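Notes follow the structure.
Being a predicted model, the structure only gives us computed values, none of them experimental. For reference, positions follow the sequence shown, starting with 1. Atoms within each ligand, like the ligands themselves, are counted from 1 in listed order.
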Amino acid sequence: MTANSPTASSPAATPPAAEIALRPAEMHIYKPTDPATAIVSKSELCTVSKKAAGFVRHIEFDVSGTNLVGRAIPGQSIGVIPPGTDANGKPHKLRLYSLASPSGGETGDGTRLSTTVKRVIDEHWESHALFTGVCSNYLCNLKVGDTVKLAGPSGKRFVLPSTISDHDYIFFATGTGIAPFRGMLLDILRSGAASKVALIMGTPYSSDLLYHNDMLDLAAKHPNFTYLPTISRERNDGPKGPGTLGKLYVQDRLTANAEQLGAMLRSPRALIYICGIAGMELGIFQQLATTLSGSDRDQYLTATAEVMANTKGWERNQLHRDIHLSKRIFLEVYS
Ligand code: A2P
């Protein structure tokens with residue numbers, strides 16, 4: 001799966017998960033050259049506040065009558081082919097969007113896939129001309145009843161393990177990186193597994209939180225699910241009530257909520273999934289390396305003593321080269 005951005009790149013190297021059997025994922029049922037035709041069945045803003053600075057939509061596709069029914073799982077992406085041609089007159093290329101739907105889709109019968117799309121609206125850094133993302137704006141402009149060409153699904157490594165109940169889950173998301181975790185969370189909670197799940201969701205402002213009321217409802221109904229919205233440009237709600245914590249990045253939860261997350265991390269059951277903007281993973285690894293030690297830390301990442309002694313100086317290009325991630329970390333980041 002990839003990020004929900006039209007500029008989504010292929011996954012940053014996901015660690016091999018040979019010893020954790022993952023759910024089997026079907027791939028490339030539809031090729032971009034011969035896509036399925038789906039119908040938009042829902043499109044709604046999914047920011048908690050309709051006054052959020054960005055426009056992010058939850059969009060559902062009815063794939064009834066296609067071979068996609070019941071065959072795409074959370075953590076996978078769906079390919080969207082926007083109509084029209086690019087600046088060189090060539091047909092637009094496929095863009096990948098992470099599924100937000102659980103395994104049975106939105107309606108349980110596998111016919112409604114969903115994704116989470118943020119409109120890309122920007123200014124060219126040099127010419128200061130308005131830049132609007134091709135596919136994100138195409139998708140967000142679609143109305144219920146419109147058709148859309150879909151390929152895929154793709155991705156088989158950023159998925160849940162085949163036996164959900166064997167593990168606990170710590171999900172780190174920023175922005176639309178929450179999409180796969182919405183589907184995974186619903187799958188875990190509906191499975192009836194006693195697995196603990198923590199979702200740490202980062203956005204600039206509280207108005208930008210996605211699926212926020214749904215997450216609050218799920219947390220109220222399921223004591224094994226902890227939802228930690230984490231705001232980078234406002235004070236966060238803390239144990240003593242609103243505004244008691246400073247501005248936080250998702251990785252800061254490892255210290256702000258050290259007791260709960262530390263207990264989860266020290267258990268051999270825990271798996272860490274990370275989805276969102278490139279750069280967040282380094283901060284998470286730095287915090288993991290400083291808040292855990294010895295074999296607790298080695299369960300997730302290893303490095304020479306010299307590298308471990310300098311976590312503050314870690315750089316992204318050291319990942320996989322000097323800092324080795326274990327099979328218990330699943331990574332999907334995008335720029
Ligand atoms: P900020 O932009 O305040 O620096 P969105 O995708 O909605 O823009 O949200 C991305 C979130 O991730 C923002 O809260 C952003 O904070 C935050 N962020 C930016 N850089 C990092 C980083 N290196 N590690 C963790 N979070 C980050």
Self-check item: Contact partition for Met280 relative to ligand 1, non-hydrogen atoms under 4.0 Å
Solution: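 Within the 4.0 Å criterion, Met280 contacts ligand 1 through backbone and side-chain atoms alike.
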
Quiz item: How does Ile231 reach ligand 1, by side chain, by backbone, by both or by neither, if only non-hydrogen atoms under 4.0 Å count?
Solution: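 Ile231 to ligand 1: no contact under 4.0 Å from either part.
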
Practice problem: Report, in ascending order of atom number, the atoms of ligand 1 lying under 4.0 Å from any heavy atom of Gly279. | Solution: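 Listed by number with element: 23 (N).
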
Quiz item: Can you list the ligand 1 atoms lying under 4.0 Å from a non-hydrogen atom of Thr203?
Solution: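 Every atom of ligand 1 under 4.0 Å from some heavy atom of Thr203: 13 (C), 14 (O).
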
Under the criterion side chain to side chain contact (heavy atoms under 4.5 Å, CB included), which of [options] is the partner of [X]?
| X | options | result |
| --- | --- | --- |
| Tyr30 | Val63, Leu150, Thr66 | Thr66 |
| Phe55 | Thr47, Ile121, Asn137 | Ile121 |
| Cys46 | Thr116, Thr176, Ile59, Ile178 | Thr116 |

Residue, atom name and distance, where the atom is the protein heavy atom closest to [atom]:
| atom | answer |
| --- | --- |
| atom 17 (C) of ligand 1 | Tyr249 CE2, 3.7 Å |
| atom 18 (N) of ligand 1 | Ile277 CD1, 3.4 Å |
| atom 6 (O) of ligand 1 | Gly175 CA, 3.6 Å |

Just distances here: any N/O of [X] and N/O of ligand 1 closer than 3.5 Å?
| X | value |
| --- | --- |
| Ser232 | yes |
| Pro204 | yes |
| Thr174 | no |

Exercise. In sequence, state the C-alpha distance, the side-chain angles, and the governing distance for Arg57 and Asn141, and then conclude on side chain to side chain donor-acceptor pair (under 3.5 Å).
Key: CA-CA 10 Å; Arg57 290 194 157 263; Asn141 287 344; over 6 Å; no

Practice problem: Select the closest option to atom 2 (O) of ligand 1 among Arg233, Gln286, Gln251, Met201, judged by heavy-atom distance. | Solution: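 It is Arg233 that holds the nearest heavy atom.
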
Practice problem: Report yes or no: does a heavy atom of Asp208 sit under 4.0 Å from some atom of ligand 1? | Solution: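 Contact absent.
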
Exercise. Using a strict 4.0 Å threshold on nitrogen-to-oxygen distance, state whether Glu281 and Arg316 make a salt bridge.
Key: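 Salt bridge flag = yes for Arg316 with Glu281.
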
Quiz item: Ser114 and side chain to side chain donor-acceptor pair (under 3.5 Å): which partner among Glu106, Glu60, Lys42?
Solution: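 In the set Glu106, Glu60, Lys42, the residue that makes a side chain to side chain donor-acceptor pair (under 3.5 Å) with Ser114 is Glu106.
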
Quiz item: Is it the case that more than 12 heavy atoms not belonging to Lys51 sit under 6.0 Å from its NZ atom?
Solution: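 For Lys51, atom NZ is not crowded (no more than 12 foreign heavy atoms under 6.0 Å).
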
Quiz item: If you count the non-hydrogen atoms of other residues, nucleotides and ligands that lie under 6.0 Å from CD in Glu44, is the total more than 12?
Solution: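 Enclosed: over 12 neighbouring heavy atoms sit under 6.0 Å from CD of Glu44.
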
